[in-house]
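These notes are about the structure you will find just below.
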Amino acid sequence: MVTTDRLTGWLAPSISGEPRYEALASGLRGLILDGRLVPGVRLPAERELATALGVSRATVTAAYDRLRDQGYAHSRTRAGTRVSLPSSIPQRPDDVDVPGPDDIDLTVAALPAPAELPSMIDRAMQRLPPLLAGHGLHPLGLPDLRALIAERFTVRGLPTRPEQILVTQGALQSWDLLLRAFTRPGDPVVVEQPTYPGVIDAAGAHRVRIRPLPVSTDGWDLSQLSGAVRGAAVLVHLTPDGQNPTGWCAPVEARLELLSELAALPSSDLPHRPMIVTDETFSELRLEAGNPARPLAAFEDSGRVVSLGSMSKPYWAGLRVGWLRGSAELVSRIASLRAGLDLATPVLDQLVSIELLLAHDELVRARIEQLAANRDGLLASLATRTPLWSAARPQGGMQLWVDLAGMSSTRLAESARAVGVRIIPGPRFTVRGASHDRWLRVPFALPAERMDEAIRRLAAVAEFDQRVVTDGVSRPSLSWTA
Ligand SMILES: Cc1ncc(COP(=O)(O)O)c(C=O)c1O
């Protein structure tokens, strides 16, 4: 059951419209669609929620009725009202099925495959025949691929041997494997807040105690580091390059400061040193001139820093190939663990990854040019169409963290569905799903014209919602379309 306190906090920004029951139903629907209320969860009793929200019981009854009619809730005698999902909608906005032809999906920060991919696949197939004689299971990854990944680390300033690389099915799987290997339920684990929802969901699945380290477009709030790691955090998950969602790229000074703050903590605060996991998924996508920053592990020789990377952002997320870099001992320990889970990463995807990495410089240069143009186009659209919203210009990654000037992103995400735009509201990037509601993550993986159309639609619903909030006009169902 979701506690009434928590639900009230989540709903507060989005229930000011009229009629009240519609606004409440819409707020609850938003929470269901963005994954904060999962199917099966019991909603508070009507009377209790009414008191907590300061509305009449009839309002809550009507809102629950509305949800039931739409398939977002069901009730059984003595089992209360529970969340459900209508069969025709995707489970949550970041888990969409095929969008409609005119829908704009801004829930995923990942580029379409490069145009060269089909020819790379043809070339990769030429590497296949010698492998066909074997069983095809390589829990550590294909040697050629491990060597190429190690070389990328070395080029970025962190000398690496192939034995230090484990090929996985993505950075997220690497994170999951580390949680499996090093945590037990209840252990403290630190993640940035806001951060990519997959990082939080994977930690939640291992039932660890998740502690947030605040991060913004200006970087980590290191004044809160000791509070976050207190009680001996086991793992600290950081994304120093193109942080998702803020887009922040940690300069060298910030990397050094973080490590020295951690080293300086007294043993009463930190009896054993946590493992620092740096998710460098976006590290090759530095949008400004200059090389990618040196990996965090290059500044720490204790072996406590493990780096994660992936083909997903520079190349194509459909490959499901990522990696983990650590000591050779760590790599073989995690490889034995993963052998009992998924055995190995698919050989064909690894062969394609080899071809892509061999063409790294040319392919990634084109990606960076494309992303920098998308970013600047999106910033221009925001400046023209939603002048009250603001966003920093990130030097990496592929997302803007947009300050909505007080608007609720939960509410906006819900309204945006009516105009064919799918977005994930800010709170989905937080540990408890309760804060950052006036922020919106907007990926710029789509071309500038498409992004401009998305912002045009968002501006229209935002203006509409704002009028509803400020004038208290009754809120008809949205029928505006692009
Ligand atoms: C910080 C971060 N880690 C991991 C992932 C997922 O990576 P992969 O596709 O390699 O599992 C993402 C994708 O958005 C991400 O932003």
Side-chain angles (χ1 to χ4, degrees), residues 35 92-96 105-113 141 145 149 152 165-180 189-205 210 212-213 215 220 235-250 276-285 292 295-296 306-325 338 341-342 345-346 349-350 352-353 356-357 367 371 394 396-401 422-424 426 428-431 441-446:
R92 36 174 235 225
D94 50 347
D95 185 21
V96 284
D105 181 4
L106 301 183
T107 62
V108 178
L111 290 164
L145 180 57
I149 296 167
R152 286 304 316 154
I165 302 295
L166 171 72
V167 179
T168 64
Q169 297 206 43
L172 198 51
Q173 190 196 32
S174 306
W175 170 232
D176 182 73
L177 288 167
L178 291 170
L179 285 157
R180 249 170 228 274
V189 164
V190 177
V191 305
E192 294 161 334
Q193 174 160 284
T195 192
Y196 169 62
V199 171
I200 299 169
D201 291 352
I210 312 176
L213 171 66
V215 63
W220 298 307
L235 301 174
V236 177
H237 184 284
L238 301 170
T239 48
D241 303 293
Q243 204 266 346
N244 189 0
T246 64
W248 180 65
C249 294
I276 303 172
V277 182
T278 61
D279 186 329
E280 297 170 5
T281 320
F282 288 98
S283 62
E284 302 279 9
L285 299 174
L296 199 68
V306 177
S307 316
L308 313 185
S310 173
M311 299 298 287
S312 292
K313 304 300 173 178
Y315 302 100
W316 194 42
L319 285 171
R320 306 314 306 143
V321 173
W323 51 85
L324 168 162
R325 179 212 180 267
R338 78 87 57 97
L341 290 170
D342 68 343
T345 304
D349 292 10
Q350 293 191 67
V352 177
S353 300
L356 289 165
L357 284 173
R367 299 305 239 184
L371 283 171
M398 54 177 95
Q399 55 271 333
L400 295 189
W401 189 226
R422 293 164 191 258
I423 47 173
I424 306 184
R428 185 69 181 93
F429 295 83
T430 66
V431 172
R441 196 254 334 231
V442 185
F444 43 85
L446 298 175

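Reckoned from all heavy atoms, side chains included, excluding hydrogens, waters and symmetry mates. Every number for a ligand or one of its atoms is a count from 1 in the order of the listing.
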Looking only at protein heavy atoms, which one is nearest to [atom], and what is the separation?
atom                    : answer
atom 13 (C) of ligand 1 : K313 NZ, 2.9 Å
atom 9 (O) of ligand 1  : S312 OG, 2.7 Å
atom 5 (C) of ligand 1  : Y196 CE2, 3.4 Å
atom 16 (O) of ligand 1 : N244 ND2, 2.7 Å

Closer than 4.0 Å to some heavy atom of [X] - which atoms of ligand 1 meet that?
X    : answer
T239 : 1 (C)
S310 : 8 (P), 10 (O)
T281 : 2 (C), 3 (N), 4 (C)

| Taking non-hydrogen atoms only, is D279 closer than 4.0 angstrom to ligand 1 via side chain, backbone, both or neither? |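 The side chain, only.
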
Within-4.5 Å side-chain heavy-atom neighbours: [X] and [Y]:
X    : Y    : result
E280 : R325 : no
R428 : I200 : no
S312 : L319 : no
I149 : L145 : yes
T281 : L308 : no
V306 : L235 : no
W248 : P394 : no
L341 : L177 : yes

N/O separation below 3.5 Å, [X] to ligand 1:
X    : answer
A171 : yes
Q173 : no
G170 : no

| To the nearest 0.5 Å, how far apart are CG in L106 and CG in L446? |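 Rounded to the nearest 0.5 Å, the CG-CG separation comes out at 6.0 Å.
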
| query | Heavy-atom contact under 4.0 Å between W175 and ligand 1? | reply |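 So W175 does not count as touching ligand 1.
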
| task | Decide whether the shortest distance between a heavy atom of R320 and an atom of ligand 1 is less than 4.0 Å. | result |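 Flag set, R320 near ligand 1.
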
